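Heads up: the structure comes next, in structure tokens.
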Amino acid sequence: MLLEVPLVLGRTDDGHAFALRDSCPHRGIPLSYGRFDGKSVECSYHGWKFDGCSGQCVEIPSLTSQDKLKVERIFAGHYLCEEHDGYVWVYLFSPSARLTDAVPAAPKLATFSERYKSTHLRCDLPSHVDHGIIGLMDPAHGPFVHQSWFWRSKHSIHEKAKQFEPIPKGFRMSTHSPSTTAHLTNC
């Protein structure tokens with residue numbers, strides 16, 4: 001949902017991101033309930049298929065050879081989008097806008113230099129989310145809960161302050177000296 005507009009986002013097999021209104025133009029069923037074959041989104045109600053990148057109808061299975069309906073004139077709601085910085089930016093145009101109008105560029109986000117790497121870690125924790133958040137917000141528990149022979153002991157407790165600085169659209173932690181316990185002991 002973006003600005004109260006239901007969207008279905010996807011990526012084609014050739015890597016192009018797309019954004020369609022999450023509603024089949026035939027009966028209004030959410031297209032996100034349907035199937036995606038890597039190129040076309042198929043409505044789960046009557047099987048109408050729409051090209052992901054253009055929203056153009058490419059198939060209506062119930063049509064017969066006698067039907068005169070021009071499938072290529074039917075479109076699902078389609079929105080311009082672009083992908084960069086790991087995000088898909090969707091341009092929701094006003095009803096009075098023409099697609100020939102200049103589309104503003106998506107904002108550029110601050111990025112790290114090449115020497116920094118982004119890593120995503122995932123694990124299941126047998127804990128309620130509230131306890132997880134409290135643990136992340138409570139740095140004082142570390143030397144006690146996370147004691148181990150190779151990392152921290154209660155003797156490693158010392159005062160440490162982290163400084164933060166404002167940046168456009170947020171803040172970041174200022175550079176600081178690493179902890180003296182931030183290395184593995186060679187055994």
Side-chain angles (χ1 to χ4, degrees), residues 1-63 67 69-133 135-137 166-173:
M1 188 70 74
L2 181 62
L3 298 175
E4 299 184 15
V5 176
L7 296 173
V8 60
L9 302 176
R11 181 184 314 283
T12 62
D13 283 345
D14 58 1
H16 291 92
F18 65 85
L20 297 175
R21 183 175 183 86
D22 194 14
S23 178
C24 180
H26 181 231
R27 293 285 185 225
I29 300 298
L31 290 172
S32 59
Y33 291 178
R35 293 172 198 81
F36 179 62
D37 64 6
K39 185 175 179 187
S40 301
V41 177
E42 179 185 82
C43 178
S44 64
Y45 194 59
H46 284 115
W48 289 28
K49 284 188 181 178
F50 301 91
D51 178 74
C53 291
S54 69
Q56 181 179 22
C57 187
V58 294
E59 182 182 351
I60 299 177
S62 61
L63 288 181
D67 291 320
L69 184 64
K70 295 185 189 232
V71 174
E72 65 278 1
R73 290 187 180 180
I74 300 171
F75 286 83
H78 168 257
Y79 296 95
L80 300 176
C81 66
E82 66 178 278
E83 183 175 10
H84 63 82
D85 300 330
Y87 296 94
V88 175
W89 299 86
V90 179
Y91 178 67
L92 295 180
F93 46 88
S94 67
S96 62
R98 298 173 305 198
L99 289 180
T100 57
D101 292 344
V103 175
K108 296 290 183 190
L109 301 177
T111 55
F112 293 108
S113 69
E114 289 298 317
R115 74 176 213 181
Y116 289 95
K117 301 293 181 206
S118 177
T119 303
H120 298 276
L121 300 175
R122 180 186 177 276
C123 68
D124 294 328
L125 298 174
S127 171
H128 189 274
V129 68
D130 290 344
H131 296 296
I133 298 296
L136 290 172
M137 293 171 35
I167 60 172
K169 299 184 174 112
F171 63 92
R172 70 174 160 226
M173 187 172 28

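These figures come from a predicted structure and were not determined experimentally.
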Exercise. Looking only at heavy atoms, which two atoms of Glu59 and Val71 are closest? And how far apart?
Worked result: N-CG1, 3.8 Å

Problem set entry | Nearest non-hydrogen partners of Ser23 and Gly28, listed with the distance | OG-CA, 3.5 Å

Exercise. Rounded to the nearest 0.5 Å, what separation is found between the CH2 atom of Trp48 and the CD1 atom of Ile74?
Worked result: 4.5 Å

Problem set entry | For the student: nearest non-hydrogen atoms of Leu7 and Leu2, plus distance | CD1-CB, 3.8 Å

Exercise. Taking Gln56 for the side chain and Glu72 for the main chain, is one N or O donor matched with an acceptor at less than 3.5 Å?
Worked result: yes

Exercise. Is the distance between the ring centroids of Phe18 and Phe36 under 6.0 Å?
Worked result: yes

Problem set entry | Rounded distance (nearest 0.5 Å) linking atom CZ of Arg73 with atom SG of Cys57 | 13.5 Å

Problem set entry | Heavy-atom pair of closest approach, residues His84 and Ala106 | NE2-CB, 3.4 Å

Exercise. If you look at every heavy atom in Ala19 and Cys81, which pair is closest and at what distance?
Worked result: N-SG, 4.0 Å

Seminar exercise, completed: d(Phe75 CZ, Leu20 CG) to nearest 0.5 Å is 11.5 Å

For this session: Just say parallel, tilted or perpendicular for the rings of His46 and His26, cut-offs at 30° and 60°.
Result: perpendicular

For this session: Would you please test Leu80 and His78 for side chain to side chain contact (heavy atoms under 4.5 Å, CB included) and show each step?
Result: CA-CA 7 Å; Leu80 300 176; His78 168 257; 4.3 Å; yes

Exercise. From Asp22 CG over to Met1 CE, what is the distance, rounded to the nearest 0.5 angstrom?
Worked result: 8.5 Å

Exercise. Going by heavy atoms in the side chains, are Ile60 and Asp67 under 4.5 Å from each other?
Worked result: no

For this session: Of all the heavy-atom pairs spanning Val8 and Leu31, show the shortest one and how long it is.
Result: CG1-CB, 4.3 Å

Seminar exercise, completed: Distance col, row Cys24:SG vs Glu42:CD, nearest 0.5 angstrom, shows 10.5 Å

Exercise. Counting only N and O atoms by type, is there a donor-acceptor contact under 3.5 Å from the side chain of Asp51 to the main-chain atoms of Ser40?
Worked result: no

For this session: List in chain and number order the residues that pass side chain to side chain donor-acceptor pair (under 3.5 Å) with Glu83, two or more places apart in sequence or in another chain; answer none if no residue qualifies.
Result: Arg11

